[in-house]
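Encoded as C-alpha cells, the structure appears first; notes follow it.
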Protein chains: 2
Amino acid sequence: MIEVRVLIVEDEPLIAEDIATALINNDFTVSAIVYSKDDALAELKNNPPDLVVLDINLNGGEEGIEIAKVINEKYFLPFVYLTSYSDKLTLIHAKNTEPAGYIVKPFSDAGLFAAMEIAVYNHAQKSKLRFPELNDDVINRHLPSPLSEREFGVVQLIYNGKTNNQIAEDLFISINTVKAHIKNIHQKLDADSRSTLIARLRKLMTN
Amino acid sequence: MIEVRVLIVEDEPLIAEDIATALINNDFTVSAIVYSKDDALAELKNNPPDLVVLDINLNGGEEGIEIAKVINEKYFLPFVYLTSYSDKLTLIHAKNTEPAGYIVKPFSDAGLFAAMEIAVYNHAQKSKLRFPELNDDVINRHLPSPLSEREFGVVQLIYNGKTNNQIAEDLFISINTVKAHIKNIHQKLDADSRSTLIARLRKLMTN
DNA sequence: GTCTTTATTACCCTTTAGGGTAGTTTTTAG
DNA sequence: CTAAAAACTACCCTAAAGGGTAATAAAGAC
C-alpha cells in the first residue's frame with residue numbers, strides 16, 4: 001500500500017477536521033489543512049500532496065475553482081471538489097476544470113472513501129498516458145524508410161539516455177556498429193544529434 | 001478543417017457502403033473498406049487512418065475486438081465499434097478495449113456523425129496528455145536544489161533538441177554561459193549528458 | 001549596505017558524438 | 001539459389017559536448 005498524501009482546502013475548520021479524521025480512518029495521510037487560496041498555493045508549491053480536497057466556495061467566492069485552474073496548469077494532480085449543491089452556475093464552472101470527483105456535503109465515510117479511491121485510480125490511468133514507451137509501428141508509419149528492428153533497439157536506448165558505449169555493451173556489439181546504426185537512424189529521422197532525434201521521436205509518437 | 005481519414009472494417013459490404021456514403025457526406029475521407037481482420041491489420045500498417053470504424057462481430061466471431069486490442073497496443077488511434085446489440089458478453093469484452101464510441105445499427109446519419117465527432121475530439125484531448133510540456137513547478141518539487149528560471153529556459157531548449165550554439169543564439173548569451181548553465185543543470189538533475197538529462201526530465205514529469 | 005544567489009563570460013582540456021568511406025558477414029525474400 | 005537488405009566492423013577526422021577553474025556583474029534578501 002502506497003501512502004496517499006491529501007491536502008484539505010476548506011475554510012470551515014469543523015468540516016475540515018471531519019474530513020481529516022475520515023481520511024485518516026481510511027488510511028490516507030493528511031499533508032495539511034489550509035483555509036485560504038494563498039495558503040493552498042503555498043502548500044502545493046512547498047509540500048505537494050498526491051491529491052487535493054477542494055471546497056468550491058472558499059470565503060464566499062469561487063476561490064476553489066481558481067485553485068483548481070492553477071492545479072491544472074502547473075501541477076499534474078487529481079483533486080476532488082467539496083460541494084453542497086449551491087448554485088448551478090458554480091457547478092458548471094467547476095465541471096469545466098475537470099475534477100477527479102465530487103464529495104457532496106453532508107458526506108458519508110464510505111462516500112468519501114469511494115470518491116478518493118476513484119480519483120486516485122483515474123489519475124493513475126491518466127499517468128500511464130503520459131510519456132508512453134516508443135512504439136516502432138507508430139514511428140515507422142511516419143517514415144519513408146522505416147527503422148529496422150536493430151535500429152529501433154538502438155533508438156530506444158538513446159531515448160533512455162544511454163551513451164554509445166553503453167549501447168554497445170547492452171547489445172554486445174562494437175561501438176563502431178552502434179555509430180553506423182545511429183548514422184542511418186539520423187538519416188531516416190532527419191536528425192543530426194541525439195537530442196534532436198529524441199525531440200523528433202516525441203513528435204512522431206504524438207501524431 | 002483537417003481531413004479525417006477513416007478505415008471501415010465491416011464484413012457486410014452493403015453496410016460498409018452505407019457507412020462510407022454517410023461518412024463522405026459528412027466531410028470524412030474513407031481511407032479503405034476491409035472485410036477481414038488480416039486486411040484490417042494490413043491497412044493499419046500500410047495506410048494508417050485517423051480513425052477506425054470497427055464491426056464487433058466480424059465473420060461470426062469477435063474478431064473486431066482482437067483488432068481493437070492490436071490498435072490499443074501498437075497504434076494510438078481512436079476507434080468506434082459498430083454494434084447491433086447482440087449478446088451482452090461481447091459488449092463487456094468490447095467495453096474493456098476502451099472504444100472512443102459506439103455506433104448502433106441501424107444508425108442514423110446524425111448519430112454516426114455525432115459519434116465520430118466525439119471520438120475525434122476525445123482523442124485530441126488524450127493526445128494533449130501525451131508528452132506534455134515541461135513544467136518548472138513539477139520538476140522543481142522533485143529537486144533538492146531547484147532550477148532557476150534561466151536554467152529552466154535552457155532546459156526547455158535542450159529538451160527540444162537545440163544545440164549549445166542554438167541555445168546561445170536564442171537567449172542572446174554567450175555559448176560559454178550556456179555551458180555554465182548546463183553544467184549546473186547537470187549537477188542539479190544528476191545527469192552527465194543531454195540525453196540522460198532528457199530521460200530524467202521525462203521521469204520527473206510523470207511522478 | 002552588505003551578503004548571497006544568479007547570471008554572465010572566458011580559457012583550457014578531455015571525452016563523446018557525428019559524418020565519410022569501405023569492407024565483410026548474416027539474413028531474408030523472391 | 002541468388003540478389004538485396006540488414007547487421008556488423010574498422011579507421012579517420014571534425015564538431016560538439018562536458019568538466020574544471022575563475023572572475024565580474026546584476027539582482028534580491030535581510
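Only this structure's heavy atoms are used, side chains among them; waters, hydrogens and symmetry mates stay out.
- What separates CZ of A:F152 from P of D:dA7 is a distance of 13 Å, to the nearest Å.
- Atom CZ of B:R150 is separated from atom P of C:dT9 by 9 Å (rounded to the nearest Å).
- Neither OP1 nor OP2 of D:dT9 sits under 4.0 Å from any side-chain N or O of A:N176.
- Whole-Å rounding puts the B:Q166 CD to D:dA15 C1' distance at 14 Å.
- Comparing A:K162 and B:V178 by the nucleotide of DNA chain C that holds the closest heavy atom to each, the one mapping nearer the 5' end is B:V178.
- Applying the 6.0 Å contact sphere to CD of A:Q125 captures more than 12 heavy atoms from other residues, nucleotides or ligands.
- For the pair A:I167 CD1 and D:dA7 C1', the interatomic distance rounds to 16 Å; values are reported in whole Å.
- Summary of the strand contacts: B:I173 and B:S193 both lie near DNA chain C, and taking for each the nucleotide with the nearest heavy atom, the more 5' one is attributed to B:I173.
- When rounded to the nearest whole Å, the span between CG of A:D190 and C1' of C:dG18 equals 15 Å.
- Per the geometry, NZ belonging to A:K179 stands 16 Å off C1' belonging to C:dA22, to the nearest Å.
- Between the P atom of D:dA16 and the CG atom of A:L197 lies a distance of 17 Å, rounded to the nearest Å.
- Neither OP1 nor OP2 of D:dA5 sits under 4.0 Å from any side-chain N or O of A:S148.
- At most 12 heavy atoms of other shown residues, nucleotides or ligands fall within 6.0 angstrom of atom NZ in A:K74.
- Listed candidates were D:dA17, D:dC8, C:dT8. Nearest to the side chain of A:T177 is D:dC8.
- Candidate nucleotides C:dT8, D:dA6, C:dG18 were compared by shortest atom distance to the side chain of B:A180, and C:dT8 ranks first.
- Here B:N164 reaches the OP1 or OP2 of D:dA17: one of its side-chain N or O atoms lies under 4.0 Å away.
- A perpendicular orientation is assigned to the rings of B:F131 and A:F131, their planes being inclined by more than 60° (bins at 30° and 60°).
- Of the possible donor and acceptor atoms, none in the side chain of A:D136 sits under 3.5 Å from a partner among the backbone N and O of A:E149.
- Regarding contacts with the backbone of C:dA17, every side-chain N or O of B:R194 stays at 4.0 angstrom or more from both OP1 and OP2.
- One interatomic measurement links the two molecules: CZ of A:F172 to C1' of D:dA7, which rounds to 17 Å at whole-angstrom precision.
- Side-chain proximity of A:H181 to D:dA7, C:dT16, D:dT9: nearest is D:dA7.
- On a pure distance criterion of 3.5 Å, a polar donor-acceptor pair joins the side chain of A:K183 and the base of C:dT21.
- Using a 30° and 60° split on the angle between ring planes, B:F28 and B:F113 fall in the perpendicular class, above 60°.
- Across all strands, B:D192 comes closer than 4.0 Å only to sugar-phosphate atoms, never to a base (heavy-atom distances).
- Side-chain proximity of B:S174 to the nucleotides D:dG18, C:dT9, D:dC8 is greatest for C:dT9.
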